[in-house]
Each structure stands twice: as structure tokens, then as C-alpha cells.
Q: 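Below is the structure I would like to discuss, written out as C-alpha cells.
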Amino acid sequence: MYWKNELKKNIITIDQLKKFLPISKDDEKWLKKVIDIHPMSVSRHYLSLIDFKDSDDPIKKMVIPAKQEMDVTGSYDTSGELSNTKFLGFQHKYPQTVLILSTHRCASYCRFCFRKRLVGVTKDEVLNNINKAVTYINKHPEVNNILITGGDPLVLSTKIIIRFLEKLTTIPHIDFIRFGTKVPVYLPSRIYDSYELLAALKKHSKIKQIYFVTHVDHPREITPELRRAISKLLKSRVIVNNQTVLMRGVNDDPNILAELQNKLVSSGINPYYVFQCRPVKRVKNHFQLPILEGYRIVEKAKTMLNGHSKRFRYVMSHKTGKVEIIGPKNDEMIFKYHQAKDARNNGRIFTRKISKTAGWLDEFAAK
């Protein structure tokens, strides 16, 4: 397949990167230390979007390792995934939703990935028995949707994706199936050149609705190639939603964030979540913004958006649930459980003492 050959051309070594970016001997030392722990991989398509003459290029920041990744402040499991794992590669945190870790690979490796412990590193958390997943779901009628993620499930062979669909669409109480993917951004040809994949999606979406949850984080990622891929998905009866991570130096400008949401809607993609960047090791002090600052950016961006483009919620994916960031009032920051691991918390509004520096719920002092 053409897209598999494209993946083989990814930039994965320092020597390859040197052809595009001058790297000093000192920089090479820390760069090697970083990619020895968290590998680098950048598709040729995405590489073409980078302005290497701009030292602050936001596209470059998302995929090219930075010295800030030497900082290990934070956690490799910010959302409590280990505690929600029922068996290898299978998580059940919220009653209605189960999550399948289908692979540890992606079409490119995001430097802000919240699964840095896994992506490009180890297969130790990846599902190895789809039948076991089906058996579990059949025994849990409260589950009505499945999220297939990783890594990026779209780097799996079409044959494996079809097997997932054939197995999971037979479960009576499942209403829809989601694929979490950044392939439309990193390797859009995987979609628009894959007749077999598109045919399978169209076939199975007539049985159970299929959603793609894309990860578009900057308006420059919305290329003609991405629009072509999304158009093919829409024609295949796939609904496309997007989640964006709010990041320092990438989209922490209301104008950029608003441009992104408007371009998503014009491309047929529904804004879904804007995520507070998680306090992940080698990510937190590089990309994360204080929540109060993030709130102000999001609200300013919303003044430039219409009803469709501001449908997203600004949330953090905390170990206790998805916490919506409502905003400040007097000396309090107001939060609401959009989803909760403990069902008693669903919809609960709560407050914390306001902080100008807190980047995560645990960093706020209780009232």
C-alpha cells in the first residue's frame, strides 16, 4: 500500500533531521537522550508544513523534540488509566464507554502525547485478544459505545480494522464506535487512497454509527489533503468530531484558536473538546498553560465564533472524570463534572480557591 511506503520515509533519526534543521553538538547530546526514551517520528507530509526558518514554528513544536522534554515533572498516567484497565489493552472508566488500546504506533509522534509511556515505546499495554474484549462488552449491557485508540488505530492494516468492525458491530447494545486518530493530519493519503478502508467504513456504519475523533491542534494542519480525507470519510457515512489540546506556543492565542475552530467547521468537522494539556512527564512544563490563562484564551476565542464552531467544551481529563472548566467568580474557580468515574459526581458543580499558576485540578487549594 502507498501509505505504508510513506510511513517508511518518516524522519526518525538525528541524521535525517539534520537535513532540515541545523543541530549543534551540544544539542545533539540532549536530543539523543530524549529520543532514546521517547522516539521521534515525523511523516514527510507533516514535515512539509513546518517552517524551519521560524524558531517558534508551532507545527515544528508539536513533532520535533525540545530540550524541555528533559524535565520529568509530572506523571505518565495523569488520567488514572492503569486503575481503569480490566485486562491488557482494555479500559472501562465510565459506565457507557470502553476503550481499546489497539496499537502503540502513530503516523507521527506528538511531543505532547499524554501516552508518552506507550507510543513508540512498548506493546505491553496493547490489546492482544479482540474476542476477550467482545466477551467483556457482551456481559456489560450498560456499555453503548467503544473508543478504539492507541497509538493511532489508522496505522493498523485495513484487514485488522475490518476485523475490529466485524467483531464489534455485532454487539446488540452498542450504538456507535469511535476511532481516535491524527492520521487525517499526519498521513491523509491513508484515508483518501484507501478504497478498501472507505468501503468497510461505509458498510459497517450502516450497522453501527462510526465516528472519527480527529486531533487537529492548529489551523495550518487543515490542508487541502486533510479536507480531501475528511470529504471521503463523510461520504462513507462517518461522522467526524475533533478534540484540540490547548498548548503553550502552539494555539495559546485566541485568534489562532478561533481560526482553528472555524476552519474545522468549514471542513465538515465538529468541534468536540478543547483539552487542558495534561501534566505528563516531559510535557507539563513545555506545553501546559495555567487553567486561568487557558480559560481567558478560550473565552476570548469564543467571541469570534458562531454557534457551531463554539460547541466544544473546555475540559481536563482528570483521574476522577472529565471536568469542565466553567470559569472564575470572585476568588473561586468553578468546575463541573461533565463525566465522572463515580456516577454520584455526574453533573456536580464544585469550586476551588482561584490560582494564577495551577495547571491541573490537583494544584488548586480546596475551599
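The basis for the numbers below is simple: all heavy atoms, side chains too, and nothing from hydrogens, waters or symmetry mates.
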Q: Is a salt bridge present between Asp342 and Arg344, judged by a nitrogen-to-oxygen distance below 4.0 Å?
A: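 Looking at Arg344 together with Asp342, the answer is yes, because their closest N to O distance falls below 4.0 Å.
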Q: Rounded to the nearest 0.5 Å, how far apart are CD of Gln16 and CZ of Phe20?
A: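 So the CD of Gln16 and the CZ of Phe20 are separated by 8.5 Å.
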Q: If you look at every heavy atom in Pro65 and Met40, which pair is closest and at what distance?
A: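 Looking at all heavy atoms of both residues, the shortest contact is CD-SD, 3.6 Å.
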Q: Applying salt bridge (charged side-chain N to carboxylate O under 4.0 Å, His left out), name anything that partners Asp57, two or more places apart in sequence or on another chain.
A: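 Expected list: Arg220.
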Q: Would you say His92's side chain and Tyr94's backbone share a donor-acceptor pair under 3.5 angstrom?
A: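 Checked: pair present.
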Q: Measure from the ring center of Tyr337 to the ring center of Phe350 and say whether it is less than 6.0 Å.
A: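 For Tyr337 and Phe350, the ring centres are under 6.0 Å apart.
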Q: Using a strict cut-off of less than 4.0 Å between a Lys/Arg side-chain nitrogen and an Asp/Glu carboxylate oxygen, indicate whether Arg313 and Glu324 qualify as a salt bridge.
A: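 Yes, Arg313 and Glu324 are salt-bridged.
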Q: Are the side chain of Arg282 and the backbone N or O of Asp71 linked by a donor-acceptor pair below 3.5 Å?
A: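 Checking the backbone N and O of Asp71 against the side chain of Arg282, no donor-acceptor pair under 3.5 Å is found.
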Q: Would you verify whether the NZ or CZ of Lys86 falls within 45 degrees of the ring axis of Tyr136 while also being under 6.0 Å from that six-membered ring's centre?
A: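 No cation-pi geometry.
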Q: Does Arg228 qualify as a cation-pi partner of Tyr192, given the criterion of NZ or CZ under 6.0 Å from the six-membered ring centre and within 45 degrees of its axis?
A: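 Yes, cation above the ring, under 6.0 Å and within 45°.
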Q: Determine yes or no for a side-chain-to-main-chain donor-acceptor pair under 3.5 angstrom, with Ser205 supplying the side chain and Ile210 the backbone.
A: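 Not at all, since once roles are kept as given, no pair shorter than 3.5 Å links the two residues.
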Q: At their closest point, which heavy atom of Pro153 faces which heavy atom of Gly180, and how far apart are they?
A: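 In this case the closest contact between Pro153 and Gly180 is CD-O, 3.1 Å.
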Q: So do the side chains of Phe52 and Leu47 get within less than 4.5 Å of each other, counting heavy atoms only?
A: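 Yes, close enough: below the 4.5 Å cut-off.
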Q: For the aromatic rings, using the six-membered ring if either is Trp, is the centroid distance between Phe335 and Phe364 under 6.0 Å?
A: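 Distance test on ring centres: under 6.0 Å, yes.
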Q: Verify whether one side chain among Ser194 and Arg190 offers a donor that lies under 3.5 Å from an acceptor in the other.
A: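 Yes, Arg190 and Ser194 have a side-chain donor paired with an acceptor closer than 3.5 Å.
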Q: One thing to verify: whether Glu69 and Lys33 come together as a salt bridge, which I'm taking to mean a side-chain N less than 4.0 angstrom from a carboxylate O.
A: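 Salt bridge: no.
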Q: Taking all non-hydrogen atoms of both residues, which atom of Val283 and which atom of Cys113 are closest, and how far apart?
A: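 Minimum heavy-atom contact is CG2-O, 4.0 Å.
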Q: Do Phe312 and Tyr272 have ring centres separated by under 6.0 Å?
A: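 Not under 6.0 Å, so no.
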Q: Hey, is the main chain of Leu187 close enough, under 3.5 Å, to the side chain of Glu6 for a donor-acceptor pair?
A: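 Not confirmed, Glu6 side chain does not pair with Leu187 backbone.
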Q: Would you mind reporting whether Phe164 and Leu156 have side-chain heavy atoms less than 4.5 Å apart?
A: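 With C-beta onward as the side chain, the pair touches.
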Q: Please check: side-chain N/O of Ser75 versus main-chain N/O of Asp77, any donor-acceptor pairing under 3.5 Å?
A: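 Answer holds: yes.
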Q: For the pair Ser43 (side chain) and Tyr46 (backbone), establish whether a donor and an acceptor sit closer than 3.5 Å, ignoring hydrogens and angles.
A: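 The answer is yes, because a donor-acceptor pair under 3.5 Å joins these two groups.
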Q: For His204 and Phe179, I'd like to know if the aromatic rings sit close, meaning centre-to-centre distance below 6.0 Å.
A: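 Distance test on ring centres: not under 6.0 Å, no.
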Q: Are the side chain of Asp54 and the backbone N or O of Asp56 linked by a donor-acceptor pair below 3.5 Å?
A: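 Pair found, side chain donor or acceptor close to backbone of Asp56.
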Q: Got a donor-acceptor contact below 3.5 angstrom from the Lys182 side chain to the Thr214 backbone?
A: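 Flag not set: sc Lys182 to bb Thr214 has no pair under 3.5 Å.
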Q: Between Glu81 and Arg115, is a salt bridge (Lys or Arg N to Asp or Glu O under 4.0 Å) present by the stated rule, with each step listed?
A: CA-CA 10 Å; Glu81 293 200 302; Arg115 290 197 182 109; 2.7 Å; yes
Q: Taking atom CZ of Arg311 and atom CG of Leu305, what is their separation to the nearest 0.5 Å?
A: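 Interatomic distance, Arg311 CZ to Leu305 CG, rounded to 0.5 Å: 11.5 Å.
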Q: Looking at Lys302 and Glu299, is there a salt bridge between them, counting it only when a charged N and a carboxylate O are closer than 4.0 Å?
A: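 Counted as a salt bridge, because a side-chain N and a carboxylate O are separated by less than 4.0 Å.
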Q: Would you say Arg296 has more than 12 foreign heavy atoms packed within less than 6.0 Å of its CZ?
A: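 Incorrect, the count does not exceed 12.
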Q: Ignoring hydrogens and angles, tell me if any N or O in the side chain of Thr122 forms a donor-acceptor pair with the backbone of Asp124 under 3.5 Å.
A: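 Indeed, once roles are kept as given, a pair shorter than 3.5 Å links the two residues.
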Q: By side chain to side chain contact (heavy atoms under 4.5 Å, CB included), which residues pair with Lys284, not counting sequence neighbours?
A: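 Applying side chain to side chain contact (heavy atoms under 4.5 Å, CB included) to Lys284 gives Thr73, Pro279, Gln288, Glu363.
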Q: Does Arg278 make a cation-pi contact with Phe275 (under 6.0 Å, within 45 degrees of the axis)?
A: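 Ring-cation test returns yes.
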Q: Mark yes or no for whether Lys116, through its side chain, and Arg111, through its backbone, hold a donor-acceptor pair below 3.5 Å.
A: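 Answer holds: yes.
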Q: With side-chain contact (heavy atoms from CB on, under 4.5 Å) as the criterion, how do Val98 and Leu147 come out once you've worked through the C-alpha distance, each side chain's angles and the decisive distance to 0.1 Å?
A: CA-CA 6 Å; Val98 294; Leu147 172 59; over 6 Å; no
Q: Give a yes or no on whether a salt bridge exists between Glu28 and Lys18, defined as a side-chain N under 4.0 angstrom from a carboxylate O.
A: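 The answer is yes: the pair qualifies as a salt bridge.
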Q: Can you find a heavy atom in the side chain of Phe212 that is under 4.5 Å from one in the side chain of Asn241?
A: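 They are not in side-chain contact.
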